[in-house]
Amino acid sequence: MENKDKVKNLIDLRAEAKLGGGEKRIASQHAKGKFTARERIDMLLDEGSFEELDMFVTHRCYNFGLEKEKYLGDGVVTGHGTIDGRTVYVFAQDFTVFGGSLSETMALKICKVMDMAMKMGCPVIGINDSGGARIQEGVTSLAGYAEIFERNILASGVVPQISAIFGPCAGGAVYSPALTDFVMMTEENSYMFVTGPKVVKSVTGEDISTEDLGGADVHAGKSGVSHFKVENEEEGLMMIRKLLSYLPQNNLEEAPIFDNNDPIDRLEDSLNEIIPDNPNTPYDMKNVIHTIVDNGEFLEVHRNYARNIIVGFARFNGVSTGIVANQPNFLAGVLDCDSSRKAARFVRFCDAFNIPILTLVDVPGFLPGSGQEYAGIITHGAKLMFAYGEATVPKVTITLRKSYGGAHDVMSCKQLRGDFNYAWPTAEIAVMGASGAIEVLEGRTISSMNDPEEKAQFIAEKVADYNEKFANPYMAASYGYIDDVIEPRNTRFRVIRAFQALQTKKVVNPLKKHCNIPL
Ligand code: HXC
């Protein structure tokens, strides 16, 4: 072959690789409303920044006639590029090649970019669209998955890992995403399950649709496996870019600091009146969040799951901050198994990646009852307590209204190493609410009373007395558990000031192999 033909041959080979499983399968992918692996990467990364690796890799399988069916690149597109100028490593499974199923060589390609990301301290983004282990390969595919899983585990807490689920993902294809920091699913075409509906039917007899078994609504709302539900792939890819803007490249760096044009001393008079007079009347905590953060911008994580707690990212004076907030608008903001797990994971993520945490408290306590006890609320609640207690990033806590009982302790109280704990004058910090407390303390007297009017008056007096003593932040402030009682409208400024004063915080936990968080 002459040299000029060699160049032409290269160009031809590249063109062939770019077709993946061929034009027919690409058309079928498009017909389902899905983009191809390369189209997805192009949309995700800064224009023209993608450098592809391993385009000429093919599988090594000789079973079931597979040796006659080879595709350049073998089912995954891998490489690196930039997002807002910062390097990321990516892999995107190519459903047009054996349904994106994982072969030994495909695993090697994915592991290569994961290893490079670790070496360079850069995030890894995986776009998943895969039928799981490549059936024809058998155990080498399983081994390939385990190689990926091990890398996911070792990279956890070192570089951010983000998984987009843009197709049907079964078997091994769901476990790698589950080991990463954030999972995103599209409303249509995106499924995650350990075993698909057909296997479910044959093993348990349960008849269930693909959507109901592992669609985006299920995982964003019920199981909590997915952190973000997006309408379509474009929205999802833009969301990944946005999410990364709040994150550092790795655990040794800080998140990028943005120019801020929102005045740091902006007073918000509406906050002085946002807490209703009736302590049982809800209000929307998201209004508080949007009001105090830079330019009202808040990227909510797990929006549809355990809505009694809100978690997400915002900026204060340009600095990326994780926010955890009870939501009185949903189940009165109570802590239960799901909300505890959700918040614990978020707190640990922020701590792993040097992102300060703001906690906004309005919590009536843990949800009581056999349902929660049987589901292990003790262990799940302990997760959140553990996460806050071990976190060494700057922690600022504001108590807006209720902060009762164990939930008071859990929600980043002073003794769990809260750095600055402020309260609004509307805060109520006590072991429990007034009526519950009087029920316990005066139960015998109350039940001995026969005259209903006398009883009601007695209870009202005791409740008023209790509220006088406890339905305020000043007892906690008198012990120094609350550092200051602040005017609600000035919250933004006080939060920014607090985090500025904590910038140089250095706390090191006792040396250990690892902790034993109650899983
Ligand atoms: C090899 C596969 C494949 C697989 C799909 N294909 N899955 N090839 N191994 N696992 C191929 C199909 O043969 C087909 O090839 C092409 O991909 C597209 O698949 P379709 O079935 O036509 O597409 P669709 O109707 O959209 O259904 C997609 C699907 C379904 C839901 C993913 O293919 C499916 O159920 N696949 C099997 C899922 C599964 O059980 N995987 C094993 C999990 S066990 P052609 O040539 O027609 O284009 C596992 C163990 C690891 O992963 C555990 C580690 C913890």
Side-chain angles (χ1 to χ4, degrees), residues 20-45 75-77 90-102 125-132 161-178 180-201 206-244 299-307 312 342:
E23 272 163 0
K24 219 169 123 202
R25 290 198 184 89
I26 290 176
S28 150
Q29 181 87 340
H30 286 158
K32 289 181 202 152
K34 293 163 69 181
F35 288 102
T36 64
R38 282 191 181 77
E39 286 164 346
R40 287 165 175 167
I41 288 175
D42 282 346
M43 278 189 273
L44 172 70
L45 300 179
V76 68
V77 180
V90 287
F91 66 88
Q93 291 161 342
D94 183 353
F95 194 80
T96 68
V97 177
F98 304 114
S101 59
L102 192 101
I125 301 158
I127 302 175
N128 299 271
D129 189 357
S130 163
Q161 302 181 80
I162 301 172
S163 302
I165 312 293
F166 285 174
C169 286
V174 297
Y175 273 110
S176 172
T180 63
D181 297 305
F182 297 103
V183 176
M184 164 181 295
M185 295 180 76
T186 48
E187 242 160 59
E188 282 174 28
N189 288 326
S190 157
Y191 311 103
M192 294 177 82
F193 27 69
V194 173
T195 46
K198 281 185 201 144
V199 181
V200 171
K201 173 89 178 143
E206 185 187 4
D207 220 338
I208 189 158
S209 70
T210 317
E211 259 88 16
D212 288 344
L213 186 64
D217 282 333
V218 167
H219 289 309
K222 281 198 174 101
S223 73
V225 166
S226 162
H227 301 82
F228 298 100
K229 185 178 80 162
V230 289
E231 229 170 78
N232 52 45
E233 295 182 16
E234 289 108 309
E235 188 193 331
L237 295 165
M238 291 312 110
M239 179 88 96
I240 292 174
R241 291 178 63 94
K242 193 167 186 191
L243 173 61
L244 280 172
L299 178 64
E300 191 172 354
V301 177
H302 260 148
R303 183 169 29 174
N304 303 301
Y305 178 68
R307 283 156 52 209
K342 164 177 162 177

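One-based numbering along the sequence shown.
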### Query
Are there more than 12 heavy atoms of other residues, nucleotides or ligands under 6.0 Å from atom CD of E187?
yes

Within-4.5 Å side-chain heavy-atom neighbours: K229 and D217: yes

Scanning both residues in full, the closest heavy-atom pair of A37 with A92 reads CB-O, 3.6 Å

Would you say the side-chain atoms of T180 pair up with the backbone N or O of P177, donor to acceptor, closer than 3.5 Å?
yes

Counting only heavy atoms not in K198 (residues, nucleotides, ligands), do more than 12 fall under 6.0 Å from its NZ?
no

Worksheet item: Do other residues, nucleotides or ligands put more than 12 heavy atoms under 6.0 Å from the CZ atom of R241?
Response: yes

**Report entry** Main-chain N/O of A220 paired with S226 side-chain donor or acceptor, under 3.5 Å
**Finding:** no

All heavy atoms of P168 vs all of K34, minimum pair found to be CD-NZ, 3.7 Å

Between H227 and F182, what is the ring plane arrangement, given parallel below 30°, perpendicular above 60°, and tilted in between? perpendicular

Can you check side-chain contact (heavy atoms from CB on, under 4.5 Å) on M192 and V183, steps first, answer last?
CA-CA 11 Å; M192 294 177 82; V183 176; 4.0 Å; yes

Tested for side-chain hydrogen bond (donor to acceptor under 3.5 Å, both in side chains) against Q29, the lone hit among N189, T36, D129, D94 is D129

Output for pair (I240 CD1, M43 CE), nearest 0.5 Å, gives 11.0 Å

Scanning both residues in full, the closest heavy-atom pair of G224 with H302 reads O-NE2, 2.8 Å

Rounded to the nearest 0.5 Å, the CE atom of M184 sits from the CD atom of E233 at a distance of 11.0 Å

Of all heavy-atom pairs linking S209 and D212, the shortest is OG-N, 3.0 Å

Exactly one of F166, F91, F35 clears side-chain contact (heavy atoms from CB on, under 4.5 Å) with I127, and that residue is F166

message = Assess the residue pair V199 and F193 against the criterion (side-chain contact (heavy atoms from CB on, under 4.5 Å)); give the C-alpha distance rounded to whole Å, side-chain angles, the decisive distance to 0.1 Å, and a yes or no.
response = CA-CA 11 Å; V199 181; F193 27 69; over 6 Å; no

- Query: Hey, mind stepping through I162 and L244 against side-chain contact (heavy atoms from CB on, under 4.5 Å) and telling me if it holds?
  - Reply: CA-CA 9 Å; I162 301 172; L244 280 172; 3.8 Å; yes

Separation between CG (L44) and CE (M238), nearest 0.5 Å, reads 7.0 Å

dist I125:CD1 -> L237:CG (nearest 0.5 Å) comes out at 9.0 Å

When rounded to the nearest 0.5 Å, the distance separating OG1 of T96 from CD of E23 is 11.0 Å

Report task. Tell me, with the steps shown, if Y191 and V218 meet side-chain contact (heavy atoms from CB on, under 4.5 Å). Result -> CA-CA 9 Å; Y191 311 103; V218 167; over 6 Å; no

_Ring-face cation of K342 near Y305 (centre distance under 6.0 Å, axis angle within 45°)_ = no

request  = Taking the side chain as every heavy atom from C-beta outward, state whether M239 and L299 have any pair of such atoms under 4.5 Å apart.
outcome  = yes

CD (E234) and OG1 (T186) are apart, to the nearest 0.5 Å, by 11.0 Å

